[in-house]
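Before any comments, here is the structure.
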Amino acid sequence: MPSCLFCGAAVEHLVPVPPGEEHPEPEGWLPFSVDASAADAAFRAFASSSIWYPSDLRKARVTLRRVLVPAWSWRGELELYWAGLESAFTRSGKRPVAGTLRERHEQVLVPASSALRQAELTALGVFDEGAPQREWPDDLPYELCEASESATQSVAQSLMERLSAHRVRKKHGLVTLNTSVITNDLRGRLLLVPVYIGVFQYGDRDLRLLVNGHTGGVVGKAPISAWKVAFAVLAVAALLAGAALALGCAGVGGALVAR
Amino acid sequence: MARGCTQCGAAVEVPSGVFSTSCPFCDSPLVEVEAAQSAIDAVVPFVITKAQAARLLREHLAAAWLAPESVRRVARAEELDAVLLPFTAVDACTRSTYSATIGVDWYRTETYTTTENGKTVVRTRQVRETEWFPLSGEHGRRWFDHLVSASRGLPEAEANALEPYDLGRALPFDPALTAGVLAELPSVSADEQRKVLADELSQRAARDIERSLLPGDRSSQLHVSTRSDVERSRTVLLPVWIAAVAGPKGPLRVLVNGQTGEVVGDLPRSWWKIAALVVVALLVGFAVVSCVLGCGAVMGALR
């Protein structure tokens, strides 16, 4: 029985795309530069990246499949007008400040299908848009584009605004921040971006893993080992108990010496 | 201006500024295509039918219970006319500079004495204080499809009350879209429209600064200077149902948005109804005061 590339669920019925339904045509597709073994190595490195991940995750069998996922890549100039409160030695502990930031945003990606969520695509990082291929790939599965240019434009604008606002907040150490924006020269191109999608089973859960087909960056929500957490809690409790005991003993000893 | 009907040949009087109407003798649509094509870019078709508009109008009038009864009982479907009115839809960018005084709250702990169970006790409470700071900065925003009335017959305030219209439903101008419906050519000069647009965008920018940009807990003394740049402008015909309702001092005009069904119109108020309302309020107030005073007297007697 075939399984879904994106979530690993068994596919019982394949539903054909209704004829005549409009799907925007991508400008091109970006070829993979990370091969399957490098993607697998990236997953192994990810599995070992935190002591809280279960040890058997490193040995988990994950089949990573290559998929071309449609995404709108937006670029443009943003004028961010901001005002907020910064910490200060005043009665209220705050003081109002305002400013303007003009910056150019490149490759702000917005998913054009339900295969990837916005947070996943953002976390996957950048793709090299240098050489999009025009000839349709025969051996690569791809998702159809569902979102139009105009539908993703406002998403891209708010992503740019959020990125710039985050920078302003961090730079000025603002407590609160309000913004208004103007975007100029906003251009979007629809591309199929290379992503490895893997599904691995941990306990009774199917977990999804994504690998950027250009950088090898891994995105996924790995499970936390309950045993490791329990052991850590016990270890901390034992340390605290030991410290209390030592302090108690020192107190009794001190009292005896004083007598 | 008299025009010959192309169907029956009758001479039809077409009001000035109107480019589409129907022949009163044979009901054939009459459209001055050349005049319209050079002046109109798009048309938003009617969504609300005449029957729906009449129902909405009746509901609106019925809900206006302070209006004279003679006004509330009218609004039959025959009294509604479909009109396509010209508006200028503008995409514009505003850049403003502002200065304001920003209030940031802080809380002072105050000690006070009070009497509890016959004893004097010391308590503390939090008292809100506000410190004020001057702030100046810039604001920028792009506005899409801001509408300005291009019809002399529709004052800007009335046009604003009719909005919003979904211009995403606008179709490129085609004489067939206006056939059989009274449709007007723009009658407000471009200069006048520019002035109205600049004023309205300045107001919108100032409101946006006050509501969404200024930090702190409160603000005052806001001064805004705005420059607006028009990026795209098009003339759009928008659907309106117009009802002439007989009022106590002459006919009243009530409008129904032909796309959303929003009903707009200043209705007169019945002075008899207002007087009756005041009398009832006074009687209720008098009854409440009497009751409170009576209860107080009874309690005093019991003590």
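The chains referred to below are lettered A, B, ... by the order of the sequence lines, with proteins before strands, and numbering in each begins at 1.
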- Query: Is it true that atom CD of B:Q126 has more than 12 heavy atoms of other residues, nucleotides or ligands lying nearer than 6.0 Å?
  - Reply: yes
- Query: Taking side chain as C-beta onward, heavy atoms only, is A:T90 less than 4.5 Å from B:E131?
  - Reply: yes
- Query: Can you check whether B:G140's main-chain N or O pairs, donor with acceptor, with A:S180's side chain at less than 3.5 Å?
  - Reply: yes
- Separation of A:I182 CD1 from B:T94 OG1 (nearest 0.5 Å): 6.0 Å
- Taking all heavy atoms of B:Y98 and all of A:A83, pick out the closest pair and write down the distance. OH-CB, 3.8 Å
- Item | Whether over 12 other heavy atoms sit under 6.0 Å from A:R167 CZ | yes
- Step-by-step side chain to side chain contact (heavy atoms under 4.5 Å, CB included) determination, B:R108 to A:R91: CA-CA 9 Å; B:R108 174 169 57 82; A:R91 294 264 196 188; over 6 Å; no
- Item | Heavy-atom pairs under 4.5 Å with chain A, option from B:L214, B:T130, B:L135 with the top count | B:L135
- Task: Between chain B and each of A:P96, A:A98, A:G84, A:G93, count heavy-atom pairs under 4.5 Å; write down the option with the most.
- Result: A:P96
- Message: Given heavy-atom pairs under 4.5 angstrom as the criterion, report whether the side chain, backbone, both or neither of A:V175 touches chain B.
- Response: neither
- Message: Within the supplied structure, the quantity of interest is the number of heavy atoms (other residues, nucleotides, ligands) at a distance under 6.0 Å from A:R104 CZ; does it exceed 12?
- Response: yes
- Beyond-backbone contact of A:Y81 with B:R95, side-chain heavy atoms, under 4.5 angstrom: yes
- Message: Could you check whether any side-chain heavy atom of A:N178 comes within less than 4.5 Å of a side-chain heavy atom of B:R211, counting everything from C-beta outward?
- Response: no
- Task: Check the pair A:N184 / B:R142 against side chain to side chain contact (heavy atoms under 4.5 Å, CB included), numbers first and verdict last.
- Result: CA-CA 10 Å; A:N184 299 308; B:R142 184 165 276 123; 3.1 Å; yes
- Which portion of B:L213 sits near chain A, non-hydrogen atoms under 4.5 angstrom: both
